[in-house]
Amino acid sequence: MPRKRATIREVAQATGLSPAAVSYALRGLQVSEETMERVRAAAAELGYEADPIARALASGRTGMIGLLCGSLEDLWQQSLAVGISRGLREKDRYALILDAVGDPARERALAQQLRDQRVDGMIVQPVDPAAPFWPELCESLPVVSIGDSLAGTAGEVVFDNRRGVTLALEHLRDLGHRRVTVLTPTMVSTPDRPADVHVTAEADRLGLDIEVVTALHDLTVATDAAHHVLREGAPTAVFCFADSIAYGVYAAARELGLSIPGDISVMGYDDHPMSGLLTPGLTTVDWNIDGIVKAAVRLVSAAADGGARRRRVVQQPTLRERGSVADLR
C-alpha cells in the first residue's frame, strides 16, 4: 500500500511549533533562519510535500504558466518552448504548452481555455497580434508576448522586425540579387503582421522585385510551396520567414536537381541550430533565443507575482552568414 502523505500537523508536532508557524517556515516567511532549517529538516525526514491543490486553493495560484505557441511545426518554436519550460521550472513553475497550429481561431479558443483553467500567467507568440480579443484577455490574467506587440500585456519581448528584414534584404541586394521570393507562414486572415509589412516597404526602398508566397512550417507543405516557386524559375533568391520553411526549399531544390547557391540562393530568419549543419550552411537572421527565453520567463514570473509595471524588451537581430547565398555581382 502507498504510504499516506505526511501532513503539516505532523511536522508541527515533530518541531513543537504551530501549523501556522510551520507553514510560514516552509515558505520562508516571518521566521528565523534556524527555525526555517529545523522545520525543513523535519519535513524532509517525514516525507512531507505540500499538497499542490490545497496550496493553489489557499494562495489563489496554480503554479502553472500557459505557453501558447503559434505553430510547433516550427522547429525554432519547439526550441523556444523547451527553453521556457525549463526556465519556468527553475522558478518552481510549470509550463502548460498548447499549439495554435497557425490558426487564428484556434489561437483565440486556446487562449481563452488557458484563462478559464486559471493559469497564473501566459506567454504567447501570437499568430494574429491584431485580433480584438487580446485586450480583454490581458485584463483577466498577466500575458507576455514574444515576437509581436499586443495591446494590454504585462510585458513583451518584441523583435525589431524592421531591422531584421533590412539586414536580410540589404544582404541580398549587396550581393547582386534583385528578384526575391519571400516565403511567409502568414495567412490571408492575418495580413498585417509587422515582418510582412516591413518586407514590402523595404523591398520598395531597396528597389527589389519581390513576390510574397504563403508557406507553412510543416516540411511537406513548405517543400510543396518551394517546388512551385522554383519551377517558375523567376527568383534568384528565396527569403524565408522561418528556418523551418527554408528547409523545405533545400528539399525542393534537391528533388529538382538544383544546387544551393549555384542555382538558387536561400535565406532564413531565426537561426535554428540545425541550420549550421546543412550543406551549405543556411545564411539566416539570429534573434538570440537564449535571451528571449530569459526575458520572457523573467517578465511572466514578475507579473504572476503581482508586479504591476509593464516592461518591454526589444530583441535585436544579427546576420549569420554561411554559404547559402551566391554573390551575383
Side-chain angles (χ1 to χ4, degrees), residues 27 29 50-72 74 77-159 189-190 192-194 289 291-315:
R27 289 180 289 161
L29 302 173
D51 186 334
I53 298 176
R55 183 170 57 184
L57 291 172
S59 66
R61 297 178 180 175
T62 62
M64 301 294 296
I65 299 293
L67 176 55
L68 180 52
C69 301
S71 173
L72 284 176
D74 180 3
Q77 290 190 46
Q78 291 181 20
S79 297
L80 186 73
V82 169
I84 287 175
S85 64
R86 291 175 178 173
L88 289 171
R89 184 67 189 91
E90 292 174 359
K91 292 185 175 293
D92 199 26
R93 289 186 164 94
Y94 299 87
L96 180 58
I97 302 173
L98 298 177
D99 181 10
V101 298
D103 181 355
R106 182 180 176 89
E107 177 177 67
R108 175 176 180 170
L110 292 178
Q112 293 171 338
Q113 179 180 330
L114 286 170
R115 177 198 60 196
D116 295 344
Q117 290 180 334
R118 304 183 69 85
V119 294
D120 297 337
M122 185 170 73
I123 298 173
V124 58
Q125 187 170 12
V127 172
D128 186 6
F133 74 89
W134 288 117
E136 179 184 354
L137 184 84
C138 292
E139 288 182 1
S140 59
L141 82 162
V143 176
V144 170
S145 64
I146 293 178
D148 294 323
S149 181
L150 296 178
T153 56
E156 54 189 22
V157 186
V158 296
F159 300 166
S189 57
T190 57
D192 50 0
R193 290 180 62 86
I289 193 169
I292 293 169
V293 166
K294 290 177 183 177
V297 169
R298 182 178 72 251
L299 291 176
V300 79
S301 297
D305 287 337
R309 181 184 173 190
R310 184 176 186 273
R311 300 182 181 181
R312 188 172 195 260
V313 176
V314 179
Q315 202 71 21

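Numbers here are sequence positions counted from 1.
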**Student:** Starting at CD of Q117, measure out to CG of L110 and round the result to the nearest 0.5 Å.
**Tutor:** 9.5 Å

**Student:** In the structure I gave you, are the side-chain heavy atoms of V157 and S145 within less than 4.5 Å of one another anywhere?
**Tutor:** no

**Student:** Are the side chains of Q315 and V158 in contact, using a 4.5 Å heavy-atom criterion?
**Tutor:** no

**Student:** Could you check whether R93 pairs with D305 (Lys NZ or Arg NE/NH1/NH2 to Asp/Glu carboxylate O, under 4.0 Å)?
**Tutor:** yes

**Student:** Rounded to the nearest 0.5 Å, what separation is found between the CD1 atom of I97 and the CG atom of L67?
**Tutor:** 5.5 Å

**Student:** Nearest 0.5 Å please: distance from the CG atom of D120 over to the CE atom of M64.
**Tutor:** 9.0 Å

**Student:** Testing the basics here: between I123 and A296, what is the closest heavy-atom pair and its distance to 0.1 Å?
**Tutor:** CD1-O, 4.1 Å

**Student:** With heavy-atom distances below 4.5 Å as the criterion, would you say the side chains of I292 and F159 are in contact?
**Tutor:** yes

**Student:** Kindly indicate, with the supporting measurements, whether the criterion side-chain contact (heavy atoms from CB on, under 4.5 Å) is fulfilled by V300 and L88.
**Tutor:** CA-CA 9 Å; V300 79; L88 289 171; 3.9 Å; yes

**Student:** Determine whether I84 and I146 satisfy the following criterion, side-chain contact (heavy atoms from CB on, under 4.5 Å), listing intermediate values before the conclusion.
**Tutor:** CA-CA 11 Å; I84 287 175; I146 293 178; 3.8 Å; yes

**Student:** How far does CD of Q113 sit from CZ of R108, to the nearest 0.5 angstrom?
**Tutor:** 14.5 Å

**Student:** Is it the case that the side chain of Q77 and the backbone of C69 share a donor-acceptor pair, with hydrogens and angles ignored and the cut-off at 3.5 Å?
**Tutor:** no

**Student:** Checking the side chain of S140 only, and the main-chain atoms of L137 only, is there a donor and an acceptor separated by less than 3.5 Å?
**Tutor:** yes

**Student:** Test side-chain contact (heavy atoms from CB on, under 4.5 Å) on E156 and V313 and set out the steps.
**Tutor:** CA-CA 6 Å; E156 54 189 22; V313 176; over 6 Å; no

**Student:** Would you please test V124 and V143 for side-chain contact (heavy atoms from CB on, under 4.5 Å) and show each step?
**Tutor:** CA-CA 7 Å; V124 58; V143 176; 3.9 Å; yes

**Student:** Taking all non-hydrogen atoms of both residues into account, name the closest pair between G102 and S71 and its distance.
**Tutor:** N-CB, 4.0 Å

**Student:** Hey, does Q125 have a side-chain heavy atom less than 4.5 Å from the side chain of L80?
**Tutor:** yes

**Student:** Please check if the side chain of D148 supplies one atom and the backbone of P129 the other of a donor-acceptor pair under 3.5 Å.
**Tutor:** no

**Student:** Rounded to the nearest 0.5 Å, how far apart are OG1 of T153 and CH2 of W134?
**Tutor:** 10.5 Å

**Student:** Give a yes or no on whether R89 atom CZ has more than 12 heavy-atom contacts from other residues, nucleotides or ligands under 6.0 Å away.
**Tutor:** yes

**Student:** If every non-hydrogen atom of A100 is compared with every non-hydrogen atom of R106, which pair is closest and at what distance?
**Tutor:** O-CD, 3.4 Å

**Student:** Once rounded to the nearest 0.5 Å, what's the spacing between atom CG of L98 and atom CE of M122?
**Tutor:** 9.5 Å

